[in-house]
Q: 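The structure follows.
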Amino acid sequence: MASNEKGRPVAPEKKKPTSAALKAAVAQLEEEEQGKKKNTALLRVGAVVLWALAALAMYCPQIGQMNLPFGACRMLMLHAVTECVADIVAAGVLVVLAALLWKKANHIHPTRSHNAFVQFCWNQLGVIMAGIILAPLAIVLIMKREDLDQKTKRIVAAVLAVVFLGAAAGSADYHPVTQDEVNEILNEADENGYTGEVYYTRYGHSYHFSLECQSLRRSSQENLYSGTLEDALAANRTDPCDFCANGRLVKEDGTVIDMTEQVEGAVESLENAA
């Protein structure tokens, strides 16, 4: 690993945090400030309930003497094509709604696992469940090929394929978040003295932790905005400033302040005082 002029190791250049990771960090900062965790368990329970309803819409058996008009697989066996197609579509909608709830929970409290496979399964559970719930009907179509006329098979197969592709696309998390990414952002915010307020300009793409940042020197008052990090992200200012949000602060007189050194000095002072 390379070293700087003081002999300290220099970490490789970090990737810019994604907007999704920044929003998760904001949510967790709010939890710290309020002293109360957001109840993502309800979102996850809601997702599981909707996935269960989707499975019923696909494979609900006959209950007693009631010949219920849902259960796409059973409707197919009864040659009720219209009901079968309606059930497949309903299952697809439920699968997507469940995945949206699951993704919303993940973007507040991501998985804490460091295992890449676990992270993938956790973040893309919506796509996995879409396959588990919808794909078995394709196997039924193949196994029952002699019991069904060609027209019915073509219609059901076409609808199933379209719904599955749509459900998979709608369930995928295109901006997955891990707790490691969120922790990096939170640690950087702590190191840079982030107190809850950020600054951004009308035409810029970055958010700033300090009004003394050299990037803001030429910004007129009417083009300068302040607010929470969440406000900045909502305004599409998702790029952390290279000067005041990434480890150093350049003041108006040209003085460069190494924020990391300041944090280290503060820690040493506290240790000596103890």
Q: Is the shortest heavy-atom distance from the side chain of W51 to the side chain of L94 under 4.5 Å?
A: no
Q: Under a 3.5 Å distance rule, please check whether N223 uses its side chain to pair with a backbone N or O of S219 as donor and acceptor.
A: no
Q: Tell me whether H205 at atom NE2 has more than 12 heavy atoms from other residues, nucleotides or ligands lying less than 6.0 Å away.
A: no
Q: Tell me, do M129 and V95 make a side-chain contact under 4.5 Å, heavy atoms counted?
A: no
Q: Quick one: do the H114 and D180 side chains pair a donor with an acceptor below 3.5 Å?
A: yes
Q: Less than 4.5 Å apart, any side-chain heavy atom of M58 and any of D87?
A: no
Q: Mind checking the CG-CH2 spacing from N115 to W122? Nearest 0.5 Å is all I need.
A: 13.5 Å
Q: Keeping R237 on the side-chain end and G204 on the backbone end, is there a donor-acceptor pair under 3.5 Å?
A: yes
Q: Please answer: with hydrophobic residues joined when any side-chain heavy atoms are less than 4.5 Å apart, are V127 and L165 in the same cluster?
A: no
Q: Evaluate the side-chain proximity of I133 to F164: yes if any heavy-atom separation is below 4.5 Å, no if none is.
A: no
Q: Measuring from E181:CD to Q119:CD, what's the distance to the nearest 0.5 Å?
A: 8.0 Å
Q: Is there a path of hydrophobic side-chain contacts, each under 4.5 Å between heavy atoms of I/L/V/M/F/W/Y residues, joining V182 to I108?
A: no
Q: Identify the heavy atoms of C84 and A72 that sit nearest to each other, and give their distance.
A: SG-O, 3.3 Å
Q: Is L137 close to L76 at the side-chain level, that is, under 4.5 Å between some pair of heavy atoms?
A: yes
Q: In Å and rounded to the nearest 0.5 Å, what is the NZ to OG distance from K103 to S171?
A: 6.5 Å
Q: Could you label the plane-to-plane angle of the Y225 and Y200 rings as parallel, tilted or perpendicular, counting under 30° as parallel and over 60° as perpendicular?
A: parallel
Q: With rounding to the nearest 0.5 angstrom, report the NZ to CG distance, K153 to L141.
A: 8.0 Å
Q: Can you get from V49 to L56 by hopping between Ile, Leu, Val, Met, Phe, Trp and Tyr side chains that sit under 4.5 Å apart?
A: yes
Q: Evaluate the side-chain contact (heavy atoms from CB on, under 4.5 Å) criterion for residues M77 and V140: first the C-alpha distance (whole Å), next the side-chain angles of each, then the deciding distance (0.1 Å), finally the verdict.
A: CA-CA 10 Å; M77 296 301 100; V140 173; 3.9 Å; yes
Q: For Y174, look at atom OH and say whether over 12 heavy atoms of other residues, nucleotides or ligands are found less than 6.0 Å away.
A: yes
Q: Are H208 and L216 packed together at the side-chain level, in the sense that at least one heavy-atom pair is separated by less than 4.5 angstrom?
A: yes
Q: Any donor and acceptor pair, going by atom type alone, linking the side chain of R44 with main-chain N or O of L101 inside 3.5 Å?
A: no
Q: Please report the closest heavy-atom contact between A167 and G92, naming both atoms and the distance.
A: CB-O, 4.2 Å
Q: Under a 3.5 Å distance rule, please check whether R74 uses its side chain to pair with a backbone N or O of Y59 as donor and acceptor.
A: no
Q: Just verifying a value: how many Å separate L125 CG and N106 CG, rounded to the nearest 0.5 Å?
A: 8.5 Å
Q: Same cluster for L97 and L42 if Ile/Leu/Val/Met/Phe/Trp/Tyr side chains link at under 4.5 Å?
A: no
Q: Between S226 and V198, is any pair of side-chain heavy atoms under 4.5 Å apart?
A: no
Q: Can you give me the closest heavy-atom contact between E222 and R202, atom names plus distance?
A: O-NH2, 3.6 Å
Q: So for atom CZ, which belongs to R112, do other residues, nucleotides or ligands contribute more than 12 heavy atoms lying within a distance under 6.0 Å?
A: no
Q: Examine V163 and I128 and state if one hydrophobic cluster contains both, with Ile, Leu, Val, Met, Phe, Trp and Tyr joined whenever side-chain heavy atoms are less than 4.5 Å apart.
A: yes
Q: State, to 0.1 Å, how close V96 and G166 come at their nearest heavy-atom pair, and which atoms those are.
A: CG2-O, 4.5 Å
Q: Are side-chain heavy atoms of H107 and D173 found at a separation under 4.5 Å?
A: yes
Q: Of the non-hydrogen atoms in A138 and L160, which two are nearest, and what is the gap between them?
A: N-CD2, 3.6 Å
